[in-house]
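What follows is a short report on a single structure.
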Amino acid sequence: MKKVPFITLEKAREIRESIPTPFHIYDEAGIRANARALKQAFSWNPGFKEYFAVKATPNPYILKILHEEGCGCDCATYTELLLAEAVGITGHEIVFSSNVTPEQDMRKALEMGVYINLDDASYVDFLASLGPVPETVCLRYNPGGTFSLGNTIMDVPRYAKFGMSEEQMMGAVTRLMQLGTKHFGIHAFLASNTSTNEYYPTLAGQLFRLAVRLRNATGAHIAFVDLSGGVGVDYRPEQPRCDIRVIGEGVRAQYEEVLTPNGMGDVAIFTELGRFMLAPYGHLISTVIHEKHIYRDYIGLDACAANLMRPAMYGAYHHITVLGKENAPLDHVYDVTGGLCENNDKFAVERKLPEIQIGDIVAIHDTGAHGFSMGYNYNGKLRSAEVLLKEDGSFQRIRRAETPKDYFATFDFSEFHFGE
Ligand SMILES: *Cc1c(COP(=O)(O)O)cnc(C)c1O
């Protein structure tokens with residue numbers, strides 16, 4: 001589908017007067033509409049809840065908007081738990097899906113009374129060593145082998161570090177029941193950034209059948225099935241877009257085929273979507289500050305891979321719109337780069353774009369998830385501001401940009417001369 005930015009050149013210029021580029025901007029209206037569509041797609045399941053994967057966009061203003069739309073949080077670390085707590089999200093509005101979990105993190109999760117999702121059967125004793133086990137515990141499943149949809153191998157769970165085998169799960173359930181756990185959740189994340197409507201229904205079918213086997217073998221009450229993340233977005237204009245309504249109906253068909261006839265019609269469906277909830281509703285806004293023409297033509301931005309790591313790290317495609325030139329012919333071919341001393345610091349390679357001038361403002365699309373959050377400080381590059389484009393068209397800075405002082409804050413500079 002044609003990629004249309006949610007911000008105009010005029011708006012970008014207006015914001016740039018008070019918030020210099022580069023900055024990440026989020027579209028409140030888009031976030032809310034999408035969260036409502038997800039809720040609607042699963043409204044057939046009374047216990048349905050989306051637990052937004054905090055790592056995708058760890059900003060309290062974003063978490064608050066999603067919370068207003070009925071979403072909780074999926075946290076993986078102590079700090080993410082603190083962030084959710086600061087927004088007033090706690091208890092069963094949080095799933096704690098951690099792995100290689102430090103004791104401090106697990107204690108915090110217990111203290112907040114969240115749903116704890118255990119990555120391994122060995123965590124049962126770890127949990128029990130910290131106090132009484134919770135009444136409800138979730139277990140993370142890894143089926144091993146390969147995960148396929150039709151003839152396509154989506155991922156290879158047997159090489160993944162997450163989760164436990166079915167046999168280990170049986171043992172963990174039995175042990176937890178002895179320790180006093182009454183209700184169970186089961187969770188699996190088997191493929192990332194999927195572009196088909198079949199992923200969730202296929203995963204749900206597997207987990208529902210597992211839930212029946214677990215219940216039959218142990219007598220355990222399965223309270224919820226957590227489909228985790230993995231529903232993708234169309235980063236490329238020519239890519240198909242997932243249809244959440246079709247996905248919800250696909251999961252429902254599996255539910256009615258597997259769970260309902262087995263007397264398990266009370267199982268709640270949880271999701272932990274990150275990318276699907278936020279990616280399309282974020283842009284990285286950046287100004288063109290240099291151009292050079294050697295063996296290729298290069299456009300240099302004031303943003304770099306430290307603001308958006310996905311292209312450098314995964315070779316990921318992010319669409320680029322030159323604001324104000326939305327309808328100009330794509331008759332130039334550029335590499336669009338940042339200023340890190342790394343040749344992989346390229347937002348686009350040999351990309352067809354309109355003719356670009358220094359001072360142009362570009363919107364890099366689909367940066368709302370795993371964008372700012374994967375940022376770093378290499379080369380002394382500072383993290384950017386984050387801005388919320390509100391439903392009424394006004395904007396709000398929801399995080400200021402870092403200053404050199406922030407960058408140096410963890411040094412003891414008393415022996416040196418810091419000259420800001
Ligand atoms: C990263 C992650 C998610 C979110 O994944 P998306 O691909 O952004 O939907 C959900 N659950 C867990 C446990 C994760 O690690």
Side-chain angles (χ1 to χ4, degrees), residues 26 31 34-35 37-38 41-42 49-59 62-63 66 71-81 83-84 89 93-101 105-106 109 114-120 123 137-143 147 154-155 157 160-164 185-197 199-200 202-204 207 224-235 239 241-242 244 247-248 251 269-282 308-310 313-314 316 318 366-374:
Y26 306 101
I31 293 169
N34 184 62
L38 170 67
F42 284 89
K49 195 171 178 73
E50 151 70 5
Y51 292 82
F52 175 65
V54 169
K55 71 167 190 257
T57 323
N59 186 301
I62 300 294
L63 300 187
L66 289 170
C71 304
C73 286
D74 163 39
C75 301
T77 60
Y78 181 76
T79 325
E80 288 182 354
L81 287 170
L83 189 59
I89 302 170
E93 290 211 289
I94 295 180
V95 174
F96 183 59
S97 289
S98 64
N99 71 103
V100 197
T101 312
D105 300 34
M106 195 63 96
V114 310
Y115 285 131
I116 294 175
N117 182 22
L118 298 183
D119 186 57
D120 187 49
Y123 282 53
V137 173
C138 184
L139 300 171
R140 186 166 185 168
Y141 176 52
N142 183 331
F147 181 78
M154 303 295 290
D155 216 324
K161 68 170 180 172
F162 304 108
M164 64 191 100
I186 60 179
H187 168 286
F189 189 167
L190 301 185
S192 191
N193 191 24
T194 57
S195 55
T196 146
N197 295 332
Y199 170 62
Y200 257 8
T202 305
L203 172 69
L207 292 182
F224 63 85
V225 168
D226 184 342
L227 301 175
S228 187
V231 175
V233 301
D234 48 335
Y235 286 102
Q239 238 180 305
R241 178 173 294 181
C242 289
I244 199 63
I247 291 172
V251 173
I269 304 296
F270 294 171
T271 57
E272 298 173 348
L273 295 167
R275 193 185 313 273
F276 180 80
M277 301 307 287
L278 249 298
Y281 314 108
L308 177 69
M309 194 193 218
R310 299 187 73 258
M313 187 170 181
Y314 310 119
H318 280 268
D366 302 311
T367 58
H370 313 295
F372 182 97
S373 63
M374 291 176 83

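Below, all heavy atoms of this structure are taken into account, side chains as well, without hydrogens, waters or symmetry copies. When a ligand or atom number is given, it counts from 1 through the structure's own listing order.
- Scanning all protein heavy atoms for the shortest distance to atom 7 (O) of ligand 1 gives G230 N, 3.6 Å.
- If you check which protein heavy atom lies closest to atom 10 (C) of ligand 1, you get E272 O, 3.0 Å.
- Using cut-offs of 30° and 60° on the angle between ring planes, the pair F224 and Y115 is tilted.
- For E80, the salt bridge (charged side-chain N to carboxylate O under 4.0 Å, His left out) test picks out no residue, with sequence neighbours left out.
- The ligand atoms of ligand 1 that sit less than 4.0 angstrom from a heavy atom of R275 are 6 (P), 7 (O), 8 (O), 9 (O).
- The main-chain N or O of R140 is never found under 3.5 Å from a side-chain atom of D119 such that the two would form a donor-acceptor pair.
- With ligand atoms numbered from 1 in the order given, ligand 1 contributes 4 (C), 6 (P), 8 (O), 9 (O) to contacts under 4.0 Å with heavy atoms of G274.
- When only interatomic distances are considered, the shortest N/O to N/O separation between H370 and ligand 1 falls below 3.5 Å.
- Looking from atom 2 (C) of ligand 1 to the surrounding protein, the closest heavy atom is K55 NZ, 2.4 Å.
- Across every non-hydrogen atom of F276 and P280, the tightest pair is O-CD, 4.2 Å.
- For ligand 1, the polar-atom distance check finds an N/O of D74 within less than 3.5 Å of one of the ligand's N/O atoms.
- Listed by atom number, the atoms of ligand 1 under 4.0 Å from G229 heavy atoms are 5 (O), 9 (O), 10 (C).
- With hydrogens and angles disregarded, a donor-acceptor distance shorter than 3.5 Å links the side chain of Y123 to the backbone of T101.
- Taking a cut-off of under 4.0 Å to the non-hydrogen atoms of A53, the atoms of ligand 1 that pass are 3 (C), 4 (C), 10 (C).
- Taking distance alone, with nitrogen or oxygen atoms compared against 3.5 Å, S97 stays at or beyond that limit from ligand 1.
- For ligand 1, the atoms lying closer than 4.0 Å to a non-hydrogen atom of S228 are 10 (C), 11 (N), 12 (C).
- None of S195, S192, C242 except one satisfies the side chain to side chain contact (heavy atoms under 4.5 Å, CB included) rule with V231; the exception is C242.
- Distances from ligand 1 to the non-hydrogen atoms of F189 include at least one value under 4.0 Å.
- Residues that satisfy the ring pair (Phe, Tyr, Trp, His ring centres under 6.0 Å) test with Y200, not counting sequence neighbours, are absent from this structure.
- Looking only at distances, a side-chain donor or acceptor of T57 sits under 3.5 Å from a matching main-chain atom of G368.
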